[in-house]
Amino acid sequence: MMVSLNLKTQGIVQKVLPLIQYWRQHCQCQLDDNTPVTFTIGSLNLNNFTVEKSTKHSTALAKIFGDESLRLDIIALQEIIKKTSESPLENVINQMNPNSGKEHFGLLWRKSKVKHHETIQLDLKKLRNTYTRQPSVDILEIEEKLLAVINVHLKYPGVPSEWKKHAKRLRDGEDCCCHSCSRLKSEIQHLPIVAETAKSQIKGKCITPILIGDFNLEPDHQWFTELQKKYSPLNAEPTNYCKSLLRVYDNIWVEKGKAKSEPARVSGSSEEISNHKLVYSSVKITGQKGA
């Protein structure tokens, strides 16, 4: 259909057109379709997964991932121990991101719904030696929307023989100046920088970050104050099987205003392979498509 414009209208169009072209070129995210995308994501600490445990764990993970009551699309895994360079863990874990030491992260996703773009190495020059285990970042695509799954396993409070004492002290809001707790505090307080670094490394694209994994501390602790300004924790239920000291350590943090989520649920389906419970939630991304 042809539209005739008078001189006054033409003048307005000539002024506005360059602005529209600028926004299309530099701000594509704001102009793209804003249709929400919903998926279910979970996290599980495998408690020292080794090649010796691979058969049992593979079967258990297959059951968890195939459980229709959970309907998982993505699951982030922690504590995969690769004892030697020859350990054949590839049949269970699609992606591994090496850290200091011998522990790795893993990520499983449903191919019918999720597309894996890449695993990126964070440029954390300013945070050198901040993390005992450097977070793993995977860029995934779901219905043309991109998310950065930031898989973390933060420093354990105290030493193994005294973990209950340190955990109780931190849970009760007390401060602790031991090396391990000071390290955990620093790792938590730098999480916002990790998320922003992940977003900035994928230039020209809209990324919704999700922080997920074992944070080794309750989400309402004061050390999370900075992270809570932009992110919300989804889980408030204990995720361990130790009744003498229930802990809300495993969690999923989503960015405020860009993702809407149901409160996380905890499943005991992992009891035969781990001392951690599976935590999972349905997440709806309300941001725009990737560039």
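Residue indices begin at 1 and follow the sequence shown.
Residues Ala148 and Ile207 approach most closely at CB-CG2, 3.5 Å, considering heavy atoms. In terms of heavy-atom proximity, Thr208 sits nearest to Ala259 at CG2-CB, 4.4 Å. When all heavy atoms are compared, the tightest approach of Val266 to Pro238 is CG1-O, 3.8 Å. When all heavy atoms are compared, the tightest approach of Ser43 to Ile212 is CB-CG1, 3.5 Å. Nearest heavy atom pair, residue Pro219 against residue Asn251, reads CG-ND2, 3.5 Å. When every heavy atom of Val137 is checked against every heavy atom of Ala198, the shortest pair comes out as CG1-CB, 4.1 Å.
For Glu237 (side chain) and Val248 (main-chain N/O), no donor-acceptor pair under 3.5 Å exists by modelled atom type. Checking side-chain atoms of Gln201 against main-chain N and O of Gln121 turns up a donor-acceptor pair under 3.5 Å. The backbone N or O of Phe39 lies less than 3.5 Å from no partner atom in the side chain of Asp73, so there is not a single donor-acceptor pair. A donor-acceptor pair is defined here as one N or O able to donate and one able to accept, closer than 3.5 Å; no such pair exists between the side chain of Arg265 and the backbone of Leu70. Between the side chain of Ser270 and the backbone N or O of His276, at least one donor-acceptor pair lies under 3.5 Å. The backbone N or O of Ser269 sits less than 3.5 Å from a side-chain atom of Ser267, completing a donor-acceptor pair. Remark: side-chain polar atoms of Thr225 are paired, donor with acceptor, to backbone N or O of Gln222 under 3.5 angstrom.
Using cut-offs of 30° and 60° on the angle between ring planes, the pair His190 and Tyr131 is perpendicular. Classified by interplanar angle (parallel below 30°, tilted 30° to 60°, perpendicular above 60°), the ring pair Phe215/Phe224 is perpendicular.
Summarising the local packing, NZ of Lys256 is surrounded by more than 12 heavy atoms from other residues, nucleotides or ligands at distances under 6.0 Å. Around the NZ atom of Lys63, the shell of radius 6.0 Å holds no more than 12 heavy atoms that belong to other residues, nucleotides or ligands.
One finds the CD1 atom of Ile74 at 9.0 Å from the OG1 atom of Thr40 (value rounded to the nearest 0.5 Å).
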Would Asp138 and Thr119 count as a side-chain hydrogen bond (donor to acceptor under 3.5 Å, both in side chains) if you check the C-alpha gap in whole Å, the side-chain angles of each, and the deciding distance to 0.1 Å? CA-CA 4 Å; Asp138 287 270; Thr119 300; 2.5 Å; yes

Between Thr239 and Asp250, is a side-chain hydrogen bond (donor to acceptor under 3.5 Å, both in side chains) present by the stated rule, with each step listed? CA-CA 6 Å; Thr239 55; Asp250 303 271; 2.6 Å; yes

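A side-chain contact (heavy atoms from CB on, under 4.5 Å) with Val194 is found for exactly one of Thr130, Leu122, Val152, namely Leu122.
If you chain together hydrophobic residues whose side chains sit under 4.5 Å apart, Leu227 and Trp223 fall into the same group. In this structure, Ile252 is a member of the same hydrophobic cluster as Leu140, with clusters built from ILVMFWY side-chain heavy atoms closer than 4.5 Å.
Residue pairs satisfying the salt bridge (Lys or Arg N to Asp or Glu O under 4.0 Å) criterion with at least one member in residues 266-279, sequence neighbours excluded, are absent.
Residues meeting the salt bridge (charged side-chain N to carboxylate O under 4.0 Å, His left out) test with Glu255, sequence neighbours left out: Lys199.
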